[in-house]
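In what follows, chains are A, B, ... by sequence order, proteins preceding strands, each numbered from 1.
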Protein chains: 2
Amino acid sequence: MLRHAGLRPTRQRIALGELLFSKGDRHISAEVLFEEARQAGVPVSLATIYNTLHQFTGAGLLRAISVDTTRTYFDTNTGDHHHFFLESSEEVIDMPDGFIRVENLPAPPDGFEISRVDVIVRVRATDDDRSR
Amino acid sequence: MLRHAGLRPTRQRIALGELLFSKGDRHISAEVLFEEARQAGVPVSLATIYNTLHQFTGAGLLRAISVDTTRTYFDTNTGDHHHFFLESSEEVIDMPDGFIRVENLPAPPDGFEISRVDVIVRVRATDDDRSR
DNA sequence: ATTTGTGCAAATCGTTTGCATCTGA
DNA sequence: TCAGATGCAAACGATTTGCACAAAT
């Protein structure tokens, strides 16, 4: 898989790849992956986590999502789908597939073509106090 | 306007409000607004820019958009509309109104209600070299 | 042997905070 | 007068970078 993506299969890339892709679809931040690696006994530095996430993204194995300005989330599902964002817990979850259809998209500005359409449905707990 | 929002009309808030709202709909970052204020001869600190942007957002005068993890953009158009994001220039522009219809939205997870639906259409220059 | 990746620590960058000072009501 | 606002500089947290060392081909 790594070799196919033009990346040298190193210890840490293999380990991170396993952490990322063997548990189904995930939305993970660098910090969390770092922590998981640490707990799995994989010796890896935070710098390498970032490098790897970006290389994987460049290779099309991951997709970066911006929902939250403070953190970048990486999505292991690179297919065509959209997300819920739980505002309270700052969690990103996949929207069940086959839903959402974006209709009547306007033409992009002249000289531009669509690269991706992101739909993010922000949700909050129903019984939250709405005083803010 | 400020008073109506429960904010004291201070020199800097008035000045920033004018910069923000007298040029039609805008998508602006703290840094850029700071620069504009500086050039307009408005004495204001960056901290106050941030305070003001957040207060305005809290008061419903602005809306924060996250398209780019590095920066927060504030939109002076708080109505129901969506955006194009020009990947090359990191610019946010409004989508002409009356377009885009999001159909067949799945129900939010149990105990949650929709707070906002954001659609971001990322576009890139047509003649860009696609080698990356 | 060469090239590419990794780890560390320091550097960056946007943003936030603490606190003394000022200002609008 | 005095609560609330501002400015400064220091603090922060996520991410990036420079460079010496290690590992893959």
Side-chain angles (χ1 to χ4, degrees), chain A residues 1-20 27-38 40-59 61-74 90-92 132, chain B residues 1-20 27-38 40-59 61-75 90-92:
Chain A
M1 180 175 184
L2 288 169
R3 230 181 283 273
H4 191 271
L7 298 171
R8 271 198 204 171
T10 65
R11 278 183 216 317
Q12 19 291 75
R13 296 217 266 234
I14 292 168
L16 294 178
E18 245 157 50
L19 285 173
L20 287 168
H27 307 88
I28 199 172
S29 68
E31 205 62 48
V32 168
L33 180 57
F34 181 53
E35 192 43 44
E36 280 193 14
R38 195 149 263 333
V42 180
V44 68
S45 74
L46 191 51
T48 297
I49 297 275
Y50 278 105
N51 286 338
T52 303
L53 287 171
H54 287 141
Q55 289 153 172
F56 281 20
T57 301
L61 302 173
L62 291 176
R63 156 174 311 175
I65 326 181
S66 12
V67 261
D68 182 332
T69 338
T70 61
R71 236 176 313 290
T72 297
Y73 291 86
F74 293 87
E90 309 203 319
E91 240 180 305
V92 178
R132 209 196 65 95
Chain B
M1 182 178 184
L2 289 169
R3 231 181 283 274
H4 192 271
L7 298 172
R8 268 201 209 171
T10 66
R11 280 182 214 317
Q12 20 288 77
R13 295 217 267 234
I14 291 168
L16 295 178
E18 245 158 51
L19 286 173
L20 286 168
H27 307 89
I28 199 171
S29 69
E31 206 63 47
V32 169
L33 180 57
F34 182 51
E35 192 43 43
E36 280 194 14
R38 197 150 262 333
V42 179
V44 68
S45 73
L46 191 51
T48 297
I49 297 275
Y50 278 104
N51 286 337
T52 304
L53 287 171
H54 287 140
Q55 289 153 174
F56 281 19
T57 301
L61 302 173
L62 291 175
R63 155 175 311 177
I65 326 180
S66 11
V67 261
D68 183 332
T69 339
T70 62
R71 235 176 313 290
T72 298
Y73 291 85
F74 293 86
D75 191 346
E90 308 203 320
E91 240 180 303
V92 178

So, is [X] close to the [N] phosphate, meaning a side-chain N or O under 4.0 Å from OP1 or OP2?
{"X": "A:Arg3", "N": "D:dT25", "answer": "yes"}
{"X": "B:Gln12", "N": "D:dG7", "answer": "yes"}
{"X": "A:Arg71", "N": "D:dG13", "answer": "no"}
{"X": "B:His54", "N": "C:dT16", "answer": "yes"}
{"X": "B:Thr70", "N": "C:dC13", "answer": "no"}
{"X": "A:Tyr50", "N": "D:dT16", "answer": "no"}
{"X": "B:Thr10", "N": "D:dA5", "answer": "no"}

In the structure I gave you, are the side-chain heavy atoms of [X] and [Y] within less than 4.5 Å of one another anywhere?
{"X": "B:Leu2", "Y": "B:Phe56", "answer": "yes"}
{"X": "B:Thr52", "Y": "B:Gln12", "answer": "no"}
{"X": "A:His54", "Y": "A:Leu62", "answer": "no"}

Rounded to whole angstroms, how far apart are [atom1] on [X] and [atom2] on [N]?
{"X": "B:Phe74", "N": "C:dG14", "atom1": "CZ", "atom2": "P", "answer": "14 Å"}
{"X": "B:Asn51", "N": "C:dC19", "atom1": "CG", "atom2": "P", "answer": "16 Å"}
{"X": "B:Tyr73", "N": "C:dT15", "atom1": "OH", "atom2": "C1'", "answer": "15 Å"}
{"X": "B:Glu90", "N": "C:dG14", "atom1": "CD", "atom2": "C1'", "answer": "13 Å"}
{"X": "A:Ile14", "N": "C:dT4", "atom1": "CD1", "atom2": "P", "answer": "18 Å"}
{"X": "B:Leu46", "N": "D:dC8", "atom1": "CG", "atom2": "P", "answer": "11 Å"}
{"X": "A:Leu16", "N": "C:dG7", "atom1": "CG", "atom2": "C1'", "answer": "14 Å"}
{"X": "A:Ile49", "N": "C:dT6", "atom1": "CD1", "atom2": "C1'", "answer": "12 Å"}

**Prompt:** Given that A:Leu7 and B:Arg11 both sit by DNA chain C, which one's nearest nucleotide is further toward the 5' end?
**Reply:**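 The answer here is A:Leu7.
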How long is the span from the [atom1] atom in [X] to the [atom2] atom in [Y], to the nearest 0.5 Å?
{"X": "B:Glu90", "Y": "B:Thr70", "atom1": "CD", "atom2": "OG1", "value": "5.5 Å"}
{"X": "B:Leu20", "Y": "B:Asp75", "atom1": "CG", "atom2": "CG", "value": "11.0 Å"}
{"X": "B:Thr48", "Y": "B:Arg11", "atom1": "OG1", "atom2": "CZ", "value": "13.0 Å"}

By the 4.0 Å heavy-atom rule, please label [X] as base, sugar-phosphate, or nothing.
{"X": "A:Ser29", "value": "nothing"}
{"X": "B:Glu31", "value": "nothing"}
{"X": "A:Thr69", "value": "nothing"}

**Asked** Expressed as a whole number of Å, how far does the C1' atom of D:dA11 sit from that of D:dG7?
**Response** 16 Å
**Prompt:** So, does the side chain of A:Arg8 form a donor-acceptor pair with the base of D:dT25 at under 3.5 Å?
**Reply:** no
